[in-house]
Amino acid sequence: MATTEHPPSRLRGWMLQGLSDMGKRGGLTGPHAEPEPPHRGQRWWRVMCLTGVDYFSTLGYQPGIAALAAGLLSPLATIVLIVVTLAGALPVYRRVAQESPHGQGSIAMLERLLSFWKGKLFVLTLLGFAATDFLITITLSAADASTHLVENPHLTSTLGGHQMLITLILVALLGAVFLKGFLEAMGVAVALVGVYLALNVVVVITGLWHVLTAEHVVTDWTDALTVQHGNVFVMIGVALIVFPKLALGLSGFETGVAVMPHVQGDDGDTEERPAGRIRDTKKLLTTAAVIMSCFLITTSFITTLLIPAAEFKPGGQANGRALAFLAHEYLGSAFGTVYDVSTIAILWFAGASAMAGLLNLMPRYLPRYGMAPHWARAVRPMVIVFILIAFLVTWLFDANVDKQGGAYATGVLVLISSAAIAVTIAARKAGQRGWTIGFGVISAVFLYTTVANVIERPDGVKIGACFIAGIMLVSLLSRLARSFELRVTSVAMDPMAERFVRDMASRKIRFIANEPDNRDRAEYRDKIEQIRTDNDMPEQEDFVFVEVTVADPSEFETCLTVRGEVLHNRYRVLAVESSSIPNALAALLLHVRDLTGRTPHIFFEWTEGNPFANFLRFFLFGQGEVAPVTREVLREAEPDRARRPRVHTG
């Protein structure tokens, strides 16, 4: 190589740790990089705590949201939520874990149903809602943690008015954890969840004791229900109507499958058949759902009966912190402060499981689509990007929990609805009629819930649309910027193709790029004659044709399989299928050069038509201005002109 290699700076090496291009030029990244050493993973109950810091932490604000949404009917509406959780979301995500055991979730299942650009745009839309879900999880949880901190009786006078600053500091600290390395923090998640659930058990038992010993509390509640709603059927109807407002109680399932790759599974598991990981993830999902359901109904019951309705409203002492209010009220200031500290810690760390979900999903799709820079596969740069976006969201929503609830619920419900639809289609393809009907009904329930939530709180879908628009804009600009990047991950030649290359290696290696039409004798004869005339070459020169058929032009990275064939007992042809003609030709030329040690030549004819229109054809459909684009791809892939394959155009 004529170029001088410079070792990467320590900062760049640290930021891009894990990418195989560090320390060497031309190193591969992404799916074709050298795989990282496999980690053993963690026991399922430990990973449950990782997803539980998101799921269980909703107890910090869910009872208050339920009381505001349903009033005295909060316990009944929560029962509806529990039924939907155990009979709807849980079966759906158990099936998602079975169908997509590598953490891509329902997005990967739906991706397989659509091809070409419509599939990519559909996935980008779902990624927009996933980003809404996970990023709002980070900002909303940090905002609620700061609320608990600011409204603690011992700290109100000191920290009052600084909620925005505190929230930003909490988000920054979360980013610092991931910049340091996250797998080591699994133990922190286990400790936080264990302590938080234990403290909630104390609060729930204390609350139930006060409800049972003060008999008038239950009778006052039931009398008020009868006065407000008349009979039990009206109560059930109203509970069904207000149920969508309680959708935040479903927030942990998508995170549960997103962190699935961290589940240890069995020793005999393989990436193709991780049976133990699937089984243990189902245990994780079921255990978390049952635990959460028990807490949801009991906390909803005691907060509704023991806390005055006015305290739930904005400005009230129980707004966003209903259980903390009860802890201070019935267990004293010391216990209440301990409860506040535990709640603040788990709410802050709830963003950790959301960040893990983002880091698992985004790098799996965007770089593979060519819609993110190659560094997007590295953890640390993506952490910085997500934290900066979280800062912006926190500032836009003024670190307010109630303002972010609509966007959070919309992201959660869209992802759950897409998961329900995905498993319905999977069951139908598998010929499972009963499961198809069951999942179809569940899909209808979640679609109704999503629509009702969007109508009630349209700001959620507006925020989701902003994320979608941002992802699509950045993605398309990134793909445009990477248009001339060599994106073939490997080249494999069949025996006939290798024979052609070995034969040419003893003399000049000359290829002719040919767009296959009829593939008759006249086509190849006329093409050779045209190339000889255009380039003033003698008749004895020998050629091999290269024909590229475009498969899915929306794919960015691809593997090449080169097939050799002899047509009409005379013309040698290398047939290739790829997402882009110029990239396929450039990759083949570089492969032949490395295989033979000789410089190959390829001959084109100029493409007719407007150059800009031809570039758009290349960008969207993988064909167009082939000759100059092939040369540009080669120039970027091989900076040494002496070693670069030659491109001739006549």
Side-chain angles (χ1 to χ4, degrees), residues 51 54-55 84-85 87-115 117-137 244 247-260 281 285 354 357-358 360-362 364-366 369 406-430 435-436 438-455 460-469 471-472 475:
T51 185
D54 173 19
Y55 194 24
V84 173
T85 297
L90 179 59
V92 164
Y93 277 96
R94 284 172 62 93
R95 183 64 177 255
V96 170
Q98 179 178 317
E99 298 281 344
S100 181
H102 302 297
Q104 302 99 316
S106 57
I107 296 177
M109 297 174 65
L110 292 170
E111 182 191 27
R112 295 193 289 264
L113 301 176
L114 298 170
S115 60
W117 281 107
K118 59 180 179 292
K120 304 298 182 292
L121 295 176
F122 178 73
V123 169
L124 289 177
T125 300
L126 289 181
L127 287 176
F129 283 111
T132 304
D133 179 7
F134 292 140
L135 277 167
I136 298 294
T137 296
L248 292 184
L250 298 165
S251 66
F253 285 98
E254 193 70 28
T255 312
V257 293
V259 299
M260 189 175 174
T281 301
L285 294 169
L358 281 170
N360 183 58
L361 278 180
M362 298 300 176
R364 285 181 181 270
Y365 292 98
L366 297 184
Y369 291 172
Y408 189 19
T410 300
V412 169
L413 289 171
V414 168
L415 291 179
I416 293 180
S417 298
S418 68
I421 293 170
V423 298
T424 302
I425 296 171
R428 186 174 182 274
K429 284 190 171 182
W435 280 113
T436 303
F439 286 136
V441 172
I442 294 170
S443 299
V445 171
F446 283 124
L447 286 172
Y448 153 74
T449 307
T450 303
V451 172
N453 187 273
V454 168
I455 293 172
V461 76
K462 292 176 184 176
I463 295 161
C466 291
F467 276 107
I468 293 167
I471 285 177
M472 288 193 174
S475 297

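- Across all their heavy atoms, Phe446 and Ala89 have their closest contact at CZ-N, 3.7 Å.
- To the nearest 0.5 Å, atom OG1 of residue Thr450 and atom CZ of residue Phe129 are 9.0 Å apart.
- Minimum interatomic distance between Thr424 and Ser443 (heavy atoms only, all atoms of both residues): OG1-OG, 3.1 Å.
- Partners of Thr281 according to the side chain to side chain contact (heavy atoms under 4.5 Å, CB included) rule, which considers only residues two or more places apart in sequence or in another chain, are Ala97, Met260, Val263, Arg277, Leu285.
- Minimum heavy-atom separation, Ser418 to Leu126: CB-CD2, 4.0 Å.
- The CD1 atom of Ile442 lies 11.5 Å from the CD1 atom of Ile416; values are rounded to the nearest 0.5 Å.
- Considering every non-hydrogen atom in both Leu447 and Ser417, the closest pair reads N-OG, 3.8 Å.
- Inter-residue side-chain proximity for Phe253 and Thr51 is flagged as unmet; no heavy-atom pair is nearer than 4.5 Å.
- Counting all heavy atoms, side chain and backbone alike, Val96 lies closest to Val423 at CG2-CG1, 3.6 Å.
- Here the closest heavy-atom approach between residue Val445 and residue Thr449 is recorded as O-OG1, 2.7 Å.
- In this structure, OH in Tyr93 is found 6.0 Å from CG in Leu415, a value given to the nearest 0.5 Å.
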